[in-house]
Structures are given as C-alpha cells and as structure tokens.
There are 2 protein chains.
Amino acid sequence: MLSRACQYGILLLVHLAHGEGGRFEPVHEAAAGLGLSAHFLAKTVGPLARAGLVKSYRGPNGGVALARDPMQIHVRDVVRAIDGSTPVECCVLGLPGCGENRPCPMHDAWSAVRANVSRLLDDTTVGALAARLDTESLRLSSLDPEH
Amino acid sequence: MLSRACQYGILLLVHLAHGEGGRFEPVHEAAAGLGLSAHFLAKTVGPLARAGLVKSYRGPNGGVALARDPMQIHVRDVVRAIDGSTPVECCVLGLPGCGENRPCPMHDAWSAVRANVSRLLDDTTVGALAARLDTESLRLSSLDPEH
DNA sequence: CTGTTTTGAGACTCGTTTGTCTAGAATGTA
DNA sequence: TACATTCTAGACAAACGAGTCTCAAAACAG
Ligand code: SF4
Ligand code: SF4
C-alpha cells in the first residue's frame, strides 16, 4: 500500500512535530528514538526537503526540522513527496488500465473504500497525530514503549 | 494489499462461475479468456483445490471446475486460501508487532477502513460477481472487452 | 501399450524494494 | 588551518514478488 520509505517519512515528521519546535534534530538521533535504521531513514529526508516539508542543515547542531506548521502538513503531502502522485492505487483485482469506464464487478464497492483512504490522508495532519501521542497512551516506535 | 496470485485466483473463480456449470475447463483456456499467463495462473489452482474451492482433473477433458455453489464461495475464502490468514493486514505506518494494545495514532481511523475491507471480502461472493458480468457491462479481463 | 492432454510441483530468471555501506560536500569549532 | 559533525548522493548486496520454463505424474483415447 505505502512503501516503507513513505512510512518512515511519516514517522519522522510526526516525531519532529512531537519534539521541540525550532530545534534541528540529527537524523541518527531521530532514528534511534524511533527504532529505525538511521541510514535508511536518511534516504527519506531528501524528497521531504525537496517537497518543502522539512529544512535540513549540516554540521554540528545541524539536522532536520519541520519547515511548516505541523498542523498545515497533511499525511497526503508526505505520501506525495516520497511515493509520488500515484499512491493508494492498489486494488482488489488490479486489472491493468482499469478506469471508471468498463470497470470490474468490484469497482463500486472498492472505490468507496478508496475514497475513504484518500479522505483520511487528506484530513490527517502530522500535527494532529503528534498531539495524540501525549493525550493518549500511543506509540510511534517499535521499541519498548517507555513504562 | 493482495498478491497477484490472489488476484488471479479471484479472477479464475469468477470466470468459472460465469461459464457453464459442471464443465471442467483447462487452465490454459481460462487464462486465454482472461488474458493472463497460463503458467502463472496454474500456480494458483493448487491452493484453491487444497482449500476445497475447486476440483481439478487431469488428462483430456480435464481441467478445473468449481467445487461448490458459487453463491457460497466468498472472496474472503479465496484470499485465505492463497494469501493465507494474514491478508489485508497492510497498514499506514506498518509498525512491527502493533496490535490493539498501544496502537499508533492512526489506528482508530485506519481500523475503520480495515473493517470496511474485511466486510467487503466477507459479504462478496464470486457468484454475485459473476452475475454482475451479465447484467451490467463489466469486464474481467485486460483484453479488448468484446465490444 | 503408445501417445496425447492435462494438472502438479518446483527450479529458474528478472526487476523492484529494502537495507547497508562508503565517499564527499557543507557547517561549525578551536 | 585542522577537525569533528552532519547532511547528500549513490553504489552495493540481500530479499522478495512476479513471471517463465521444465519435468514428472495422472488420466484418457486409440
Ligand atoms: S475495482 Fe475498479 S480500480 Fe479496482 S480492478 Fe476493479 S475496475 Fe480496476
Ligand atoms: S497501530 Fe494500527 S494503524 Fe498503527 S500501524 Fe499498527 S495496525 Fe496500523
């Protein structure tokens, strides 16, 4: 559905939104906090920076930081930046070149599901996700949740 | 989301349900009708037969045929037979070992989507899909839809 | 028995994805 | 300047999925 790199990108942005605002956090530190491979996570920051979602700075005290208000960054933006503009096109039958014209017998039911996913990506911001990390007892990393 | 083999399996069953009832149709013939690779389609019939969804017979006049009433075969059965009991477990963030306890911030919204997909797989039968091929102008194959 | 048709199982190639690693350019500090 | 820190780009290998191909076993027809 979503590539691993894309998932890592979402996790990174939510992690940044959850941390202190203006600080530039090194990628390896964020990767350690998320329990991910630092090298692989670093590969996602390129597309994210080009898309204007994060700023990055080299050298000591460098790192990555959000470029915009996290409440203005939608999950859809991250997906588009990393996986391109053809996400969530996965389908049950996966006929090549199937569109609205001459669809397969599952198209009606499936397009409803797909619309739901699309709306979810559009409506969810990384700021809202980060906020939920505090209020509820949720987790981002695959590591031992503290406590 | 669904493996290609699984998609092929669904297509095969719907194709069989759409054809004449008791006939054993050779796999290569069904593959030609669906515009698929006969060799690859043949790999799906093993699991389907083991799951009791189709019967197969060798030799001349052999082939595959539905083992049950197509109205009693649910798409979920096909998915379970080919992709195993861990289908549709794809997720947005894909954290390893994430369950209902300590979920990620998208879990609520996403589990709703997943429930929709699950219900769709459970409620849809290959018989119903085959019936729609006639009433509406739908297609199964990627080939030129005959007119 | 001989040959043909078909399923059944599996090895094999190929391309994409995932992940690791290395080298280099930028940035700051002493 | 010398050095440490960090991003950036890309080479590289491992793993996976999709698809092709081969060979053997079953079933039938003559
Ligand atoms: S449900 Fe729609 S998009 Fe999916 S295979 Fe069928 S026609 Fe194509
Ligand atoms: S917690 Fe739920 S929504 Fe989050 S990755 Fe796991 S299954 Fe998906």
Side-chain angles (χ1 to χ4, degrees), chain A residues 1-9 11-12 16 23-51 53-67 79 81-84 86-87 89-91 93-96 142, chain B residues 1-12 16 23-32 34-51 53-67 81-84 86-87 89-90 93-96 142:
Chain A
M1 168 85 91
L2 260 54
S3 77
R4 203 112 238 180
C6 188
Q7 298 174 335
Y8 280 26
L11 289 173
L12 174 64
L16 290 176
R23 176 162 172 265
F24 278 76
E25 181 175 19
V27 175
H28 62 82
E29 184 182 316
L34 291 167
L36 306 177
S37 152
H39 279 300
F40 192 55
L41 183 60
K43 293 176 74 167
T44 69
V45 52
L48 291 176
R50 270 188 290 274
L53 301 178
V54 303
K55 338 172 253 195
S56 60
Y57 227 76
R58 296 194 235 207
N61 295 21
V64 290
L66 293 179
V79 175
I82 298 184
D83 276 356
T86 53
E89 280 193 357
C90 78
C91 189
L93 300 185
L95 302 180
S142 52
Chain B
M1 167 85 90
L2 259 54
S3 77
R4 203 110 233 179
C6 189
Q7 300 175 334
Y8 279 26
I10 300 174
L11 290 173
L12 174 63
L16 289 176
R23 175 160 173 266
F24 278 78
E25 182 175 17
V27 174
H28 61 83
E29 184 182 317
L34 291 166
L36 307 177
S37 152
H39 278 299
F40 193 55
L41 184 60
K43 293 175 73 167
T44 70
V45 50
L48 291 176
R50 269 188 291 275
L53 301 178
V54 302
K55 336 172 253 192
S56 60
Y57 226 76
R58 296 193 233 206
N61 295 24
V64 290
L66 292 180
I82 297 184
D83 276 356
T86 53
E89 280 193 358
C90 79
L93 300 186
L95 303 179
S142 52

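Just so we're on the same page: letters track the sequence lines, and every chain starts at 1. Note that this is a predicted model, so its numbers are computed, not measured.
- For a distance-only test at 3.5 Å, the side chain of A/R58 fails to qualify as a donor-acceptor partner of the base of C/dT27.
- One distance of note links CE of A/M1 with SG of A/C6; it measures 11.0 Å at 0.5 Å rounding.
- Heavy-atom minimum distance, A/F24 versus A/N61: CB-O, 3.8 Å.
- Atoms CG (B/L41) and C1' (C/dA9) sit 16 Å apart, rounded to a whole Å.
- Following rounding to the nearest Å, B/E29 (CD) and C/dT5 (P) show an atom-to-atom distance of 14 Å.
- Between A/L2 and A/I82 the shortest side-chain heavy-atom distance does not fall below 4.5 Å.
- When each of A/P60 and A/G46 is assigned the nucleotide of DNA chain D bearing its nearest heavy atom, the one mapping closer to the 5' terminus is A/P60.
- Here B/Y57 lies in heavy-atom contact (under 4.0 Å) with sugar-phosphate atoms only.
- When distances run from any side-chain atom of A/S3 to the nucleotides C/dT18, D/dA18, D/dT6, the shortest one goes to C/dT18.
- Using a 4.0 Å cut-off, no side-chain N or O of A/S37 falls inside it from OP1 or OP2 of C/dT18.
- Counting to the nearest Å, the P atom of C/dG19 and the CD atom of A/Q7 are 9 Å from each other.
- Separating the CZ atom of B/F40 from the C1' atom of D/dG17 is a distance of 8 Å, rounded to the nearest angstrom.
- Rounded to whole angstrom, the span from the NZ atom of B/K43 across to the C1' atom of C/dA11 amounts to 9 Å.
- Between A/L11 and B/L95, the closest side-chain pair of non-hydrogen atoms falls below 4.5 Å.
- Regarding A/H28, its NE2 atom lies at a distance of 9 Å from the P atom of D/dT5, rounded to whole Å.
- Here the C1' atom of nucleotide C/dT7 and the CD atom of B/E25 are 14 Å apart, to the nearest Å.
- The side chain of B/P26 lies closest to C/dT7 when the candidates are D/dC7, D/dC28, C/dT7.
- Across all strands shown, B/F24 has no heavy atoms under 4.0 Å from either base or sugar-phosphate atoms.
- Taking only side-chain nitrogens and oxygens, B/R50 comes nearer than 4.0 Å to OP1 or OP2 of C/dA9.
- In terms of phosphate contacts, A/S56 brings no side-chain nitrogen or oxygen within less than 4.0 Å of OP1 or OP2 of D/dT6.
- Judged by distance alone, with hydrogens and angles left aside, the side-chain atoms of A/R23 form no donor-acceptor pair with the main-chain N or O of A/G63 at under 3.5 Å.
- Put simply, CG on A/L2 is 10 Å from P on C/dT18, counting in whole angstrom units.
- Between A/Y8 and the phosphate of C/dT18, there is no side-chain N or O to OP1/OP2 separation shorter than 4.0 Å.
- Considering only the side chain of A/H39, C/dT20 comes nearest among C/dG19, C/dT6, C/dT20.
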